[in-house]
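What follows is one structure encoded as structure tokens, with my remarks underneath.
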Amino acid sequence: MSLPRAGVGGVSRRRLTRRFGVLGGLLLALLLGLAWAAASGSLGVSPVEFVAGEVTAMDWQVWWQLRLPRLLLGVLVGAMLAGSGAAMQGLFRNPLADPTLLGLASGAGLCVAVWVVLFPGSDVFGLYGQFVAGFLGALGVCLLVFGLARRRSGSGAVLTLLLAGLAINTLAGAGGGLLAFLASDEQLRQLSLWGMGSLAHSLWGATLVALVLVPPALIVLLRRARDLDLLQLGEATAHAAGLDGRRLRRRVVMATSLGVGTCVAVSGIIGFLGLLVPHCLRLWLGPGHRLLLPASMLGGALLLVVADSLARVLAMPAEMPVGLLTSLLGGPYFLYLLLRGRQGC
């Protein structure tokens, strides 16, 4: 009887070793990426210079007011988009699902367009009016989607969520197009740049909002890892194992809506991050969400921090929208993965 226990224990130890190895490697890569990002750009101040006291008061002030909140926001937004992408792929049992599937980004974009076009120069919320509008738009979409799917269960609820997201994306796109037609040239450029996604306006106010709202959403998703693994066995099997599918969908979608809505509000629409990172890690690590979810969060944070640093460096003294860069880098690679998978079939 001792041999089977030893074998099982060996398998468990190997899994734990692999999990800590993967997560430790990603965490180390993220720390190195943050150090490189801090030392790059027009104001490059490395951590070594901080420790050695070789920075001026002006360098410290600029780094504290601009660079540090930008780095923190990049970590939070990247972790939230990629982590919610992994959770949505598990919830819908579709490796091509992403956080924008429910129309959260489209709803936020529509409200931002309403704010920019219909309330130009408004001082109601000061500098953060655009952020507030984006968050309220994502929150409104979340409540609408849940209202439509609340009385359904099983595959019917999933189908309702998908169709509601499709309808909201279509309506929001039409509304945004109408507002773009009515907008002035300056407003149209503002909406266009916001739609490309950027961390250029990451001041402490926006970063603190993300620090308050995003970590709880990430914790909720991490706590649902075992339930998402059970769901992969099918609705009937998961229900027989004691899984409440309706409660799981409610918690995952609410956490995704809260986190992604906050991220879209403060950074705009950053494309492909929530789809590419979890999909690639799923191919490498397998479908187990106990490893996939935290790995996706670390990988998403790493990718966004590095991409944002490249966006600041490549077009100096101008700055490229980071969402444009992630789409340019992620789109071709994702097509390569799809073509390689198709050839393998």
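These figures come from a predicted structure and were not determined experimentally. Note that the numbering runs from 1 along the sequence shown for the chain.
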Are Leu32 and Leu23 connected in the hydrophobic side-chain network, where two residues link if heavy atoms are under 4.5 Å apart?
no
Between atom CG of Leu292 and atom CZ of Arg282, what is the distance when rounded to the nearest 0.5 Å?
5.0 Å
Would a 4.5 Å heavy-atom cut-off, applied to side chains only, mark Leu191 and Val117 as touching?
yes
What donor-acceptor contacts under 3.5 angstrom involve side-chain atoms of residues 265-274, with partners at least two apart or in another chain?
unit_1 : atom_1 : unit_2 : atom_2 : d
Ser267 : OG     : Cys263 : O      : 2.6

Value rounded to 0.5 Å, distance of CE in Met297 from CE in Met80:
6.5 Å
Give the C-alpha distance, both sets of side-chain angles, the deciding distance and a yes or no for side-chain contact (heavy atoms from CB on, under 4.5 Å) between Leu179 and Leu118.
CA-CA 8 Å; Leu179 290 169; Leu118 300 184; 4.3 Å; yes
Taking every heavy atom of Ala217 against every heavy atom of Ala255, the minimum-distance pair comes out as CB-O, 3.4 Å
For residues Leu310 and Leu325, determine if any side-chain heavy atom of one lies less than 4.5 Å from a side-chain heavy atom of the other.
yes
What pair of heavy atoms forms the shortest contact from Ala82 to Gly300, and how long is it?
CB-CA, 3.6 Å
Count I, L, V, M, F, W, Y as connected when their side-chain heavy atoms are under 4.5 Å apart, and connections chain through other members. Are Leu233 and Leu248 then in the same cluster?
yes
On a heavy-atom basis, the closest approach of Ser198 and Val322 is CA-CG1, 3.9 Å
Pairs under 3.5 angstrom only: tabulate donor-acceptor contacts from the side chains of residues 133-148 to other protein residues two or more places apart or in another chain.
none

Nearest heavy atoms of Ala79 and Leu218, plus distance in Å:
O-CD2, 3.8 Å
With Trp204, which residues qualify under ring pair (Phe, Tyr, Trp, His ring centres under 6.0 Å), at least two apart?
Trp64
Could you tell me which non-hydrogen atom of Leu293 sits nearest to which non-hydrogen atom of Ala87, and how far apart they are?
CD2-N, 3.9 Å
Is Asp308 reaching over with its side chain to a backbone N or O of Leu304, donor-acceptor style, under 3.5 angstrom?
no
So do His289 and Arg224 actually touch side chain to side chain, heavy atoms under 4.5 Å?
no
Would you say Val214 ends up clustered with Leu208 if hydrophobic residues are merged whenever their side chains have heavy atoms under 4.5 Å apart, either directly or through other cluster members?
yes
Taking side chain as C-beta onward, heavy atoms only, is Val277 less than 4.5 Å from Leu81?
no
Roughly how far, to the nearest 0.5 Å, is the CZ atom of Arg67 from the CG atom of Leu71?
6.5 Å
With the 4.5 Å side-chain cut-off for hydrophobic clustering, are Val305 and Leu314 part of the same group?
yes
Distance check, rounded to the nearest 0.5 Å: Leu110 atom CG versus Leu171 atom CG?
9.0 Å
Verify side-chain contact (heavy atoms from CB on, under 4.5 Å) between Met254 and Val220, making sure each step is shown before the conclusion.
CA-CA 9 Å; Met254 287 185 66; Val220 170; over 6 Å; no
When rounded to the nearest 0.5 Å, the distance separating CG of Asn169 from OG of Ser106 is 3.5 Å
Are side-chain heavy atoms of Leu291 and Arg18 found at a separation under 4.5 Å?
yes
Least distance between heavy atoms, Leu199 atom then Gly74 atom:
CD1-CA, 3.7 Å
Side chain Thr262, main chain Leu258, donor-acceptor under 3.5 Å
yes
Given 3.5 Å as the limit, does a donor-acceptor pair link the side chain of Asp229 with the main chain of Gly288, or not?
no
Trp36 reachable from Leu73 in the ILVMFWY side-chain graph, under 4.5 Å edges
yes
Donor-acceptor contact below 3.5 Å, side chain Arg249 vs main chain Leu91:
no
Under 3.5 Å donor-acceptor, Arg312 side chain and Ala37 backbone:
yes
Run the side-chain contact (heavy atoms from CB on, under 4.5 Å) test on Val75 and Leu34 for me, step by step, so that the C-alpha distance in whole Å, both residues' side-chain angles and the decisive distance to 0.1 Å come before the verdict.
CA-CA 9 Å; Val75 171; Leu34 287 171; 3.8 Å; yes
Hey, could you give me the CG/NE2 distance between Asp98 and His279, rounded to the nearest 0.5 Å?
12.0 Å
Side chains of Leu203 and Pro69, heavy atoms from C-beta outward: is any pair under 4.5 Å?
no
Determine yes or no for a side-chain-to-main-chain donor-acceptor pair under 3.5 angstrom, with Ser327 supplying the side chain and Leu324 the backbone.
no
